[in-house]
Amino acid sequence: MGVTTIEKRLAPPRRPGAIAWLRKNLFNSWLNSILTVVTVVVLIFILRAVLEWVFVNADWRPITRSPLLYLVGQYPRGELWRIAVSLWMVSFLFGLGWGVWRGLFRAFALALAAVLSAGVFLPPPVDAPALLFRLSWLINPLLVFLGFFLASWLHLKGRHVLIGWLISFIVTPILLRGVEGSSWLPSVETTLWGGLLVTLILAVGGLLLAFPIGILLALGRRSSLSVVHYSSVIVIEAVRGVPLITILFMTSIIVALFLPPELRIDRLVRAMAGMTIFAAAYIAENVRGGLQAIESGQIEAAKAIGLNNIQTIVLIELPQALRAVIPSLVGQFISLFKDTTLAVIVGITELLAIGRAVIQSDSEFIQLQAEVFVFIAVVFFVLSSVMSYSSRKLEERLGVGER
Amino acid sequence: MQPYRLHPAALPQMTLKEGSRRLLGFSSDVPLWRDERFLRAAAQSISAVLMIGAVVWLVTNFLQAAEQRGMSLSYDFLSQETGFPIGESVITYDPSRPFIYAFLVGLLNTLKVSLIGIIFATILGTIIGLARMSSNWLLSKLALAYIEFFRNIPLLVLLFIWYFAVFNRFPRVRDSFALPGPIYLNQRGLFVPWPKFTTEGLFFLGAILLGILAAIAAWIILRRLRERTGRRTYFGAVSLFLLLLFPALAWLGQGGQSITWDLPRLEGFNFQGGTGLSPEFAALLVGLVTYTAAFIAEVVRSGVQAVDRGQREAARAIGLSGTQVLSLVIIPQAMRVIIPPLISQFLNLTKNSSLALAIGYPDLFSVGRIMINQAGRAVPVFSMIMLTYLAISLFTSFILNLYNRRIQYEV
């Protein structure tokens, strides 16, 4: 009589089924069950109301009649190629950045390619060849990939890309603004610029100019020279203590009262100056946080090998501090991007101002304010979400916030 | 720094240059341009001269321009009559009041919307932050959707949606929504019942205050007693009892007639009685609260998650109950992380209330702008606005930082 022994083994862990998942995540206690039911009811109620409004009750004519207005404002329709070329330049540079910094930059490059490709679905302007208009959007993703392969193939370095960016920052304003008296690049007054174009120019320009000023203020605040220290503290705290709108108001209106009449500074530039001052104070605090996070051993080591103060700051402290604050700079950019809407109050025709102008352009549209503002909110929501998603990817790569 | 002591024998060998250097505290074997102390002093004075020069240059330019254009920089207009109406005010106001009074009206309106906004934003933000951490998947995702949505749209757009698309779309006065209460909702705003200011009401209010004071006193005394003796003192229950006792006695003593309500009712073309919230105030308040709550929710969540999981486990292990774990272990530690970013959210809300200008609520900044137009004194009025905001910011962060310092070190 032989006894067969069966080896005792644990059953393999069962993959939780849908019911198990529901029980674990939604109905694990009576309180949670009630919460779930209430939430589902509320959710259904909200979703129904939203869907009904979006697809049945809302009248989207204020947006569908002229979507280009929201993108570029009154920018002459014959000169739109300039904006297309600027976008191509940006796409190519994002591609190069992806090729050089790889994973750190991939999310940003792909997001840009995706967002710009979506432009294909925009209705082309009346008097422009439709095919050309649609193709001009599709060139963007191609340029992103071209930049990626070019950078990989040529083994480009970060500094090459930075030089490329620097050139584009000089070329783009000239391209968009044009040259006085030129026949193939006629000047386009900034009062004609508008929509998302101006929103982005204000945000990008504001951040770029604010970045060096912010670094200087942060260094100034850490300086042991009391005059430099206290003046930096006063500037930073004064700017952070007042609302952005008062600063915009100051640079746009009050300063203009005191400039000699022959010195007329462009409205857009004045608004951008306000954004810059505001952003610089906040960047200064971010950078200061980065500087404080540097181990004191780094600075002692730098002193020990005989670097002087300036060398220590430029070669040892700043590179480490700036690497640590990159994600918070993206956050700063997103909030600056949202804050550009305040420029509407000082008469800049950015996205929100275009929305208000559209509402006032037609007596039928007065009743359609909800549609216009919801559309603008969605535009901001999509763009900022894409940016913050990319920035989270960057943070994961950098390992910031993980310990 | 110790004074450099000169040995008499050393004196004759020194040149005058060397001697003066030593007297100033510079060592003689390092050239002046490489001596750090000299360089620091030089940098200090150069930066001081540059800074003062820049300020002087700006101020003289500014004064010159002001004089050339006949812009007055004096504040004497503040005592003149304003001549303009203000939509709503905490204190009584009419156009015959002086400018300084109008400015005060604006300031009080800003403080009113900020204070109420901070209270509601904190409550809503805490609820959403807790919902975000809920083990209920659906609730947590719903909270996440709320946070992501409100953090990614501009506040001004949100205010426009609330004001132009919601509060302005309410029915006309005659077709008001009537809610139980009675509360009426229409184009002119929200009308709610409000207690009448009577002597009975004042007495009742005093009883409530007395209850609060007695409850706090009992809490402190009994808690200290427990800490000293280790006996159960039921301080929570006793405090709660005292808190309710005094108002209840007053209520009974007055025969249930402590508060008489002033009810809103339609008279002519508008509602009379009760208290009303203008659509501007309501839109601004709701906009600020819904927007800031999303940020506060994130602050609360990160604060609670910053408490090490081991703390909760250890607290359970020594036998604390669920509420004790929360109130004695988790919350005190989370508060230390939460308070500093919470302060900056409160300040953001206060500063953001200046967007009231865009929807016509007469806050500090929009009253200030009317004053600039009416008095033609851009610079004086503008400097007052800036300094007032700065004072509010600095004062708030000063007070809250004191509190913050207390909880950071005491626990």
Side-chain angles (χ1 to χ4, degrees), chain A residues 21-22 24-26 28-29 31-32 35-36 39-40 42-43 223-228 231 237-238 240-247 249-250 253-254 257-260 334 337-342 344-345 351-352 355-356 359 369-374 376-378 380-385 388, chain B residues 36 40 43-45 47-48 50-52 61-62 64-66 68-69 71 131 134-140 142 148-149 151-158 160-161 164-166 168-169 347 350-355 357-358 365 368-369 372 378-379 382 385-387 389-394 397:
Chain A
W21 185 90
L22 280 179
K24 177 164 177 280
N25 290 301
L26 296 178
N28 55 359
S29 69
L31 182 69
N32 255 344
L35 271 179
T36 304
T39 318
V40 166
V42 170
L43 209 58
S223 167
S224 54
L225 301 178
S226 55
V227 178
V228 179
S231 29
E237 294 304 328
R240 279 158 44 96
V242 297
L244 170 59
I245 181 66
T246 59
I247 294 176
F249 194 73
M250 186 178 76
I253 294 164
I254 303 284
L257 288 178
F258 290 94
L259 290 175
I334 295 173
F337 173 64
K338 294 193 300 166
D339 283 340
T340 51
T341 46
L342 301 201
V344 66
I345 296 173
L351 190 53
L352 191 54
R356 300 187 80 181
I359 289 167
Q369 307 207 22
E371 283 83 348
V372 172
F373 293 134
V374 166
I376 291 172
V378 168
F380 273 103
F381 174 72
V382 169
L383 293 179
S384 345
S385 300
S388 61
Chain B
E36 199 169 330
R40 291 183 57 80
Q44 187 85 277
S45 21
S47 53
L50 284 179
M51 204 65 72
I52 292 168
N61 263 12
F62 168 79
Q64 229 169 22
Q68 273 172 5
R69 314 209 172 164
M71 273 187 278
S134 161
S135 61
N136 188 317
W137 182 85
L138 200 61
L139 192 63
S140 163
L142 198 65
E148 286 296 314
F149 179 73
R151 273 162 57 101
N152 281 328
I153 62 171
L155 176 59
L156 192 57
V157 177
L158 185 63
F160 279 0
I161 292 177
F164 292 112
V166 179
N168 262 358
R169 287 282 194 84
L347 288 175
T350 310
K351 286 185 280 175
N352 282 339
S353 71
S354 60
L355 296 189
L357 174 75
F365 188 63
R369 269 198 80 166
I372 288 177
V379 178
F382 197 69
I385 296 174
M386 292 279 243
L387 286 178
Y389 274 116
L390 208 55
I392 296 175
S393 289
L394 293 180
S397 59

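All values derive from a computational prediction rather than experimental measurement. The figures here come from the full heavy-atom set of this structure, side chains too, leaving out hydrogens, waters and symmetry mates. Letters A, B, ... are given to chains in the order of the sequence lines, protein chains preceding strands, and every chain is numbered from 1.
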Shortest non-hydrogen contact from [X] to [Y]?
X	Y	result
B:Ala378	A:Ile254	CB-CD1, 3.9 Å
B:Ser393	A:Gly241	OG-O, 2.8 Å
B:Glu148	A:Phe381	O-CE1, 3.5 Å
B:Ile153	A:Ala377	CG2-O, 3.4 Å

Part of [X] within contact of chain A (heavy atom distance under 4.5 Å):
X	result
B:Met51	side chain
B:Ile372	side chain
B:Arg369	side chain
B:Ala66	both
B:Leu142	side chain
B:Leu355	side chain

| query | What residues form a side chain to side chain donor-acceptor pair (under 3.5 Å) with A:Glu371, not counting sequence neighbours? | reply |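 Expected list: none.
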| Listed by chain and number, what are the side chain to side chain donor-acceptor pair (under 3.5 Å) partners of B:Gln64, not counting sequence neighbours? |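 By the side chain to side chain donor-acceptor pair (under 3.5 Å) rule, B:Gln64 matches no residue at all.
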Do [X] and [Y] make a side-chain contact, defined as non-hydrogen atoms from C-beta onward lying under 4.5 Å apart?
X	Y	result
B:Ser134	A:Asn32	yes
B:Phe382	A:Thr246	yes
B:Leu155	A:Lys338	no

Give, for atom [atom1] of [X] and atom [atom2] of [Y], the distance between the pair rounded to the nearest 0.5 Å.
X	Y	atom1	atom2	value
A:Leu244	B:Lys351	CG	NZ	9.5 Å
B:Arg40	A:Ser226	CZ	OG	9.0 Å
A:Thr36	B:Leu138	OG1	CG	6.5 Å
B:Ser353	A:Ile245	OG	CD1	12.0 Å
B:Leu156	A:Phe380	CG	CZ	9.5 Å

| field | Parallel, tilted or perpendicular: rings of A:Phe249 and B:Phe365 (30°, 60°) | value | perpendicular
